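Comments concern the structure below.
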Amino acid sequence: MNFKRYIRNPIVNFPERTWTNNELIKAPLWCSVDLRDGNQALIEPMVVAEKIEMFQFLVGLGFKEIEIGFPSASQIEFDFIRQLIERKLVPAGVKLQVLVQCREELIDRTFEAIKGLDEAIIHIYNSTSTLQRDVVFNKDKQGITQIAVEAARMVKERAKSFPGQIWLEYSPESFTGTELEFALEICTAVQHEWQPTKENPLIINLPSTIEMTMPNVFADRIEWMHRRFENREAIILSVHPHNDRGTGVAAAELALLAGADRIEGTLFGNGERTGNVDILTLAYNMFSQGIDPELKINQVNDIIEIYERCCKIPVHPRHPYAGELVFTAFSGSHQDAINKGVAAMRARNNEFWQVPYLPIDPMDIGREYEPIVRINSQSGKGGVAFVLDTYFGFKLPKGMHKEFSNIIQKISEQQGEVSPDEIMKSFKETYLDKKEPLHFRKLKVDDFSAEQETKTDFDTKVYVTYTYYGEEKEFEAIGNGPIDAVKRGLVEITGVRLKVLDYEQHALQSGSDSQAAAYIHLMNADTGAVTYGVGVSSNITRASVRAVFSAVNRLGL
């Protein structure tokens with residue numbers, strides 16, 4: 001790794017920074033660049049019909065500013081904007097933004113493209129970085145500044161005869177590679193030419209065209225500019241972060257703390273190289289902190305569907321909020337914590353969402369609970385219990401979690417992930433359908449009369465019909481209640497000392513056709529072996545007896 005080939009990008013000597021003490025409290029102005037920056041980065045760019053569908057979807061999400069392309073450079077994009085205008089597809093209050101290089105013939109073509117709009121943002125840009133001034137344009141600072149100022153002048157002149165409202169946006173492209181003093185100088189020169197006011201502000205967009213520094217350094221650069229602009233109230237300070245270092249979202253959030261008012265980005269971060277900043281992640285991050293993102297993003301599956309279809313790019317399964325697996329817990333400790341967190345929140349009737357490992361309620365963005373817990377070889381006892389409870393209503397006693405999860409783990413080690421249906425199938429085979437060698441068939445229960453109670457320590461007599469390897473047999477036994485009596489009868493026929501360690505029961509469903517589930521923790525007192533048995537019936541006593549037989553069979557008696 002020849003790391004000495006690379007030069008460290010300078011930090012900002014800015015001890016007076018204040019952004020570190022600020023807090024996000026509201027959403028920024030959002031500008032979607034999916035139809036320009038996003039589209040130009042696609043292997044197969046969108047056709048006009050797809051662009052129109054995407055535009056209408058972005059409007060439906062609540063974007064008020066949408067950069068729709070580069071109409072002066074492409075006939076497809078020129079035709080696209082003309083269709084939007086002529087078919088009256090641009091709602092009132094939505095500004096179309098068009099990008100154009102600082103060249104007169106391209107600016108003229110751009111005004112031709114937007115004819116008929118009530119308002120539009122003309123976005124001019126030129127590269128200002130030290131490197132590009134040297135190797136691409138071979139111009140000094142004065143020459144680069146002249147390009148930007150002349151373009152602003154040309155837009156200003158044409159705006160006078162345009163029947164609608166023209167807003168100007170200026171981007172010193174490659175801002176992250178530009179000396180701060182020069183970035184301020186060229187932006188101020190454009191500002192002087194345009195003469196913005198508070199009512200008619202200038203958008204100054206500071207892009208990390210290439211993400212070159214840590215997010216805190218980008219924030220320092222933004223605050224440095226923010227505090228030095230003339231007539232700051234006449235400027236909308238915008239940022240356009242890219243994700244080359246993988247910190248585009250962090251850079252955008254810190255830029256907002258540092259004074260930015262507006263963010264340009266794309267759905268799921270689609271864009272050149274590693275992409276633009278992901279507006280959805282930013283918005284969901286705000287949502288998770290109790291801030292209104294001011295976008296209609298409560299149905300993320302709909303956003304995924306149109307994005308994947310129009311962009312032909314799949315959303316990564318680990319993509320924040322939207323990925324297939326992001327509300328899925330494989331770790332057993334995570335599954336157990338989620339289970340307990342959901343139960344505690346419901347029991348306490350908590351108005352706030354507070355569940356371990358789930359920063360937001362998946363249902364708030366149109367996701368479902370079913371995929372939350374998935375079982376593999378790394379899953380623990382809590383996850384298996386959660387699946388049985390959530391999907392099938394069986395609330396296993398705590399002591400039973402490990403016993404059954406060990407069974408599921410052996411399956412997962414052989415085949416990988418185990419589905420809920422496979423877990424339930426194993427549960428039935430292991431407990432509910434464990435009918436050999438002893439299979440309970442019939443039960444009659446008699447309670448002793450008061451006179452009889454004075455002559456014995458027991459109050460219940462049972463008559464049990466069962467099969468032993470298919471051969472029908474019967475026994476009678478007495479005890480303190482049906483479970484004790486049945487246990488005593490089984491001790492007689494097996495010759496093994498059995499001890500009931502624990503017993504639990506619950507309803508599986510409500511209503512006239514409700515079923516009950518019973519769980520018996522049974523010990524072979526001769527060997528010390530212990531296991532659980534489970535029984536289900538519409539009659540709780542029969543469910544309990546089935547659980548006893550299930551446990552006896554699992555003990556191998």
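Computed from a predicted structure; not experimentally measured.
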Non-hydrogen side-chain atoms of Tyr532 and Ser550 separated by less than 4.5 Å: no
I'd like to know if the side chain of Thr494 and the backbone of Val496 have a donor-acceptor N/O pair within less than 3.5 Å. yes
So does Tyr321 get a backbone contact from the side chain of Arg367, meaning a donor-acceptor N/O pair under 3.5 Å? yes
Taking all atoms of both residues into account, what is the closest heavy-atom pair of Gly393 and Leu508, and its distance? O-CD2, 3.4 Å
Does the pair Gln289 and Asn285 meet the rule for a side chain to side chain donor-acceptor pair (under 3.5 Å), with working shown? CA-CA 7 Å; Gln289 301 302 303; Asn285 283 353; over 6 Å; no
Between His439 and Asn553, is any side-chain donor less than 3.5 angstrom from a side-chain acceptor? no
Check whether any side-chain heavy atom of Leu282 sits under 4.5 Å from a side-chain heavy atom of Trp30, and report yes or no. yes
For Arg273, is there an ion pair with Asp244 - N to carboxylate O distance below 4.0 angstrom? yes
Identify, with sequence neighbours excluded, every residue that meets ring-ring contact (aromatic ring centres under 6.0 Å, His included) alongside His319. Phe268
Looking at every non-hydrogen atom in both residues, tell me the closest pair between Ile520 and Ala547 and how far apart they are. CG1-CB, 3.6 Å
Test: Asp433 and Lys428 ion pair at under 4.0 Å: no
Does the side chain of Thr274 come within less than 4.5 Å of Arg245's, by heavy atoms? no
State, with a plain yes or no, whether a side-chain heavy atom of Cys311 is found less than 4.5 Å away from one of Met54. yes
Close side-chain approach of Leu490 to Leu438, heavy-atom, < 4.5 Å: yes
Scanning both residues in full, the closest heavy-atom pair of Met46 with Cys310 reads CG-O, 3.4 Å
Indicate the atoms forming the closest heavy-atom contact of His401 with Leu396, along with that distance. NE2-O, 3.1 Å
Quick one: do the Glu65 and Ser32 side chains pair a donor with an acceptor below 3.5 Å? no
So that I can tick it off, tell me whether Arg309 and Glu50 are bridged by a salt bridge, with the cut-off set at under 4.0 angstrom between side-chain N and carboxylate O. no
Is any side-chain heavy atom of Asn216 closer than 4.5 Å to one of Thr20? no
With a distance cut-off below 6.0 Å to the six-membered ring centre and an angular limit of 45° from the axis, does Lys473 pair with Tyr466 as a cation-pi contact? no
If you measure only the distance, is there a donor-acceptor pair under 3.5 Å linking the side chains of Glu422 and Ser419? yes
Salt bridge or not between Lys434 and Glu436? Use side-chain N to carboxylate O under 4.0 Å. no
For Phe404, the ring-ring contact (aromatic ring centres under 6.0 Å, His included) test, sequence neighbours excluded, returns Phe427, Tyr431
Sub-4.5 Å side-chain heavy-atom contact between Ile423 and Phe392: no
Could you check whether Glu294 pairs with Lys26 (Lys NZ or Arg NE/NH1/NH2 to Asp/Glu carboxylate O, under 4.0 Å)? no
List the residues meeting ring-ring contact (aromatic ring centres under 6.0 Å, His included) with His506, not counting sequence neighbours, and say none if there are none. Tyr519
Quick one: do the Gln505 and Tyr503 side chains pair a donor with an acceptor below 3.5 Å? yes
Gln415 atom CD, over 12 foreign heavy atoms within 6.0 Å: yes
Trp19 side chain reached by Ile222 side chain, heavy atoms, under 4.5 Å: no
Examine the side chains of Glu403 and Thr531 and answer whether a donor and an acceptor come within less than 3.5 Å of each other. yes
Glu476 with Lys461: basic N within carboxylate O range, under 4.0 Å: yes
Is a salt bridge present between Asp484 and Arg488, judged by a nitrogen-to-oxygen distance below 4.0 Å? yes
Give a yes or no on this: more than 12 heavy atoms of other residues, nucleotides or ligands lie within 6.0 Å of atom CE of Met214. no
